[in-house]
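All remarks here apply to the structure that follows.
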Amino acid sequence: MSLALDLSGRRVLITGAGQGVGRGLTLDFAASGAEVMVNDLHTDRAESVVSEVHTAGGRALPVPFDVTDYASVTDALSAAGSPDILINNAGNAGAEGFGSRSAFADTEPASWEPFLKVNLYGVMYCTRAVLPAMIANKWGRVITIVSDAGRTGDAGGAAYAASKAGAAGLTRSIALEAGRHGVTANNIALGTMRTPLTEPLWAQADSPQAKAILQNYAIRRPGSPGDVSHLAIVLASDHGSWITGQTIPVNGGYSFAL
Ligand SMILES: NC(=O)c1ccc[n+]([C@@H]2O[C@H](COP(=O)([O-])OP(=O)(O)OC[C@H]3O[C@@H](n4cnc5c(N)ncnc54)[C@H](O)[C@@H]3O)[C@@H](O)[C@H]2O)c1
């Protein structure tokens, strides 16, 4: 088998692909030959990323929908067709940009819902919608973008951490159920990235807050979308066919997997 990671002939659905990590995944998967179904809640963002792919000579189509609305997910996929690869990337960290942080004892149930809806139910809805076709095809890949917060816990972000840990547990269960049908399912657990979500922090890289965060990283820089996409491409390729049920940290050494 050649080492070239050619995804020609594969279709990948990337949720929340209108900016940040999802945009980076889209550009790199398209450059590897895949046709990318570019999802986002914001249609203009999805269309803008599709235009970038077309300008670079790749194949992509906008598939906007809200991952928290199961009927919208299934309607959009009925119209656009099934992917071979699903990347559950759409995420909610509390708000567009930085969400507020509170000790769990000071939070109310209503404040947990945005995290659980996008980060857990959104992953369940999209995975449920695409899995039967993958099983029928005897080939499929599910990659869920989670967070170190779900592995280590997050003081001030308990609901976010719980939602990400839940999504990772779902993905492991899919690995167990669907492995015999040629479908793998893995999580990529990110540390702090430089994306529009966190740009206010990194725009002042010399700030005490930025320096304090980087003190906890063996490699003292935030991650970039490219740090994620190349691992995702390996997992999505035929080279990844015996890697399943894993949560692989891509985190600059913030925490280590045992
Ligand atoms: N940025 C970080 O430091 C960091 C760290 C750990 C994990 N992550 C995870 O990585 C993923 C991507 O993060 P990012 O920094 O690129 O985020 P981002 O906020 O920059 O981009 C997320 C995209 O998802 C879209 N989205 C949000 N809710 C949606 C919904 N209901 N349906 C469809 N699309 C929706 C948004 O419109 C946005 O374009 C998320 O799952 C996030 O939790 C990020």
Side-chain angles (χ1 to χ4, degrees), residues 1-17 21-22 24-26 28-29 32-37 39 67 73 77 82-91 119-152 161-191 223 225 227-251 255-258:
M1 196 186 284
S2 144
L3 264 181
L5 294 175
D6 182 2
L7 297 181
S8 301
R10 298 290 185 204
R11 291 187 105 200
V12 55
L13 168 62
I14 304 177
T15 66
V21 172
L25 286 163
T26 295
D28 286 337
F29 269 74
S32 295
E35 180 185 30
V36 187
M37 303 164 74
N39 163 259
V67 299
V73 174
L77 293 179
S82 284
D84 307 293
I85 302 157
L86 166 65
I87 304 186
N88 288 306
N89 168 77
N119 301 341
L120 181 54
Y121 274 94
V123 171
M124 295 177 86
Y125 291 160
C126 292
T127 305
R128 172 65 183 83
V130 305
L131 198 55
M134 290 182 183
I135 290 170
N137 291 340
K138 296 274 174 211
W139 198 99
R141 299 284 186 267
V142 176
I143 298 170
T144 302
I145 305 296
V146 293
S147 170
D148 253 4
R151 302 173 62 239
T152 63
S163 67
K164 290 295 193 181
L170 174 85
T171 304
R172 282 191 289 275
S173 304
I174 302 307
L176 285 170
E177 290 183 3
R180 67 187 184 280
H181 301 297
V183 178
T184 70
N186 291 285
N187 302 295
I188 298 178
L190 302 184
D227 293 320
V228 187
S229 52
H230 298 109
L231 171 62
I233 287 168
V234 172
L235 292 174
S237 74
D238 285 328
H239 297 285
S241 65
W242 213 52
I243 305 171
T244 198
Q246 305 303 315
T247 297
I248 303 173
V250 173
N251 65 9
S255 68
F256 299 142
L258 300 178

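Side-chain atoms are counted along with the backbone in the values below, which use heavy atoms only and exclude waters and symmetry mates.
There is a side-chain donor-acceptor pair under 3.5 Å between R151 and S255.
In this structure, D6 contributes its side chain and G33 its backbone to no donor-acceptor pair below 3.5 Å. Formation of a donor-acceptor pair under 3.5 Å by the N186 side chain with backbone atoms of G245 is found in this model. Not one N or O on the side chain of S147 forms a donor-acceptor pair closer than 3.5 Å with the backbone of A189. Side-chain atoms of T244 never come within 3.5 Å of backbone atoms of A175 as a donor-acceptor pair (strictly under, hydrogens ignored). Checked by atom type and distance alone, the side chain of N39 pairs as donor or acceptor with a backbone atom of G16 at under 3.5 Å.
Between M37 and I87 there is no side-chain heavy-atom pair separated by less than 4.5 Å. Considering only heavy atoms from C-beta on, L7 stays 4.5 Å or farther from V12 through its side chain. Inter-residue side-chain proximity for H181 and L131 is flagged as unmet; no heavy-atom pair is nearer than 4.5 Å.
In this structure, CG on D238 lies 5.5 Å from CZ on R10, to the nearest 0.5 angstrom. Atom OG1 of T144 sits about 8.5 Å away from atom NZ of K164, to the nearest 0.5 Å. From R141, atom CZ reaches atom CD1 of I233 across 13.5 Å, with rounding to the nearest 0.5 Å. Between atom CH2 of residue W139 and atom CD1 of residue I85 there is a gap of 4.5 Å, rounded to the nearest 0.5 Å. The line from NZ of K138 to CZ of R180 is 8.0 Å long, rounded to the nearest 0.5 Å. From T184, atom OG1 reaches atom CD1 of I174 across 11.5 Å, with rounding to the nearest 0.5 Å.
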- Message: For L25 and S229: C-alpha separation, side-chain torsions, deciding distance, then whether side chain to side chain contact (heavy atoms under 4.5 Å, CB included) applies.
- Response: CA-CA 5 Å; L25 286 163; S229 52; 3.8 Å; yes

- Starting from the C-alpha separation in whole Å, work towards a yes-or-no answer on side chain to side chain contact (heavy atoms under 4.5 Å, CB included) for T171 and Q246. CA-CA 9 Å; T171 304; Q246 305 303 315; over 6 Å; no

- Task: Starting from the C-alpha separation in whole Å, work towards a yes-or-no answer on side chain to side chain contact (heavy atoms under 4.5 Å, CB included) for L5 and V234.
- Result: CA-CA 7 Å; L5 294 175; V234 172; 3.6 Å; yes

- Show the numbers, then the answer: is there a side chain to side chain contact (heavy atoms under 4.5 Å, CB included) between L235 and I248? CA-CA 10 Å; L235 292 174; I248 303 173; 4.1 Å; yes

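For the residue pair T15 and A90, the shortest heavy atom distance occurs at OG1-N, 2.9 Å. In terms of heavy-atom proximity, L120 sits nearest to A167 at CD1-N, 3.5 Å. Pairing each heavy atom of A17 with each of T26, the nearest pair is CB-OG1, 3.4 Å. Minimum interatomic distance between F29 and A236 (heavy atoms only, all atoms of both residues): CE2-CB, 3.7 Å.
When each of V123, V146, I143 is tested with N187 by the rule side-chain contact (heavy atoms from CB on, under 4.5 Å), just one qualifies, namely V146. Considering N119, I14, T127, L13 as possible partners of N88, the one that fulfils the side-chain contact (heavy atoms from CB on, under 4.5 Å) test is T127.
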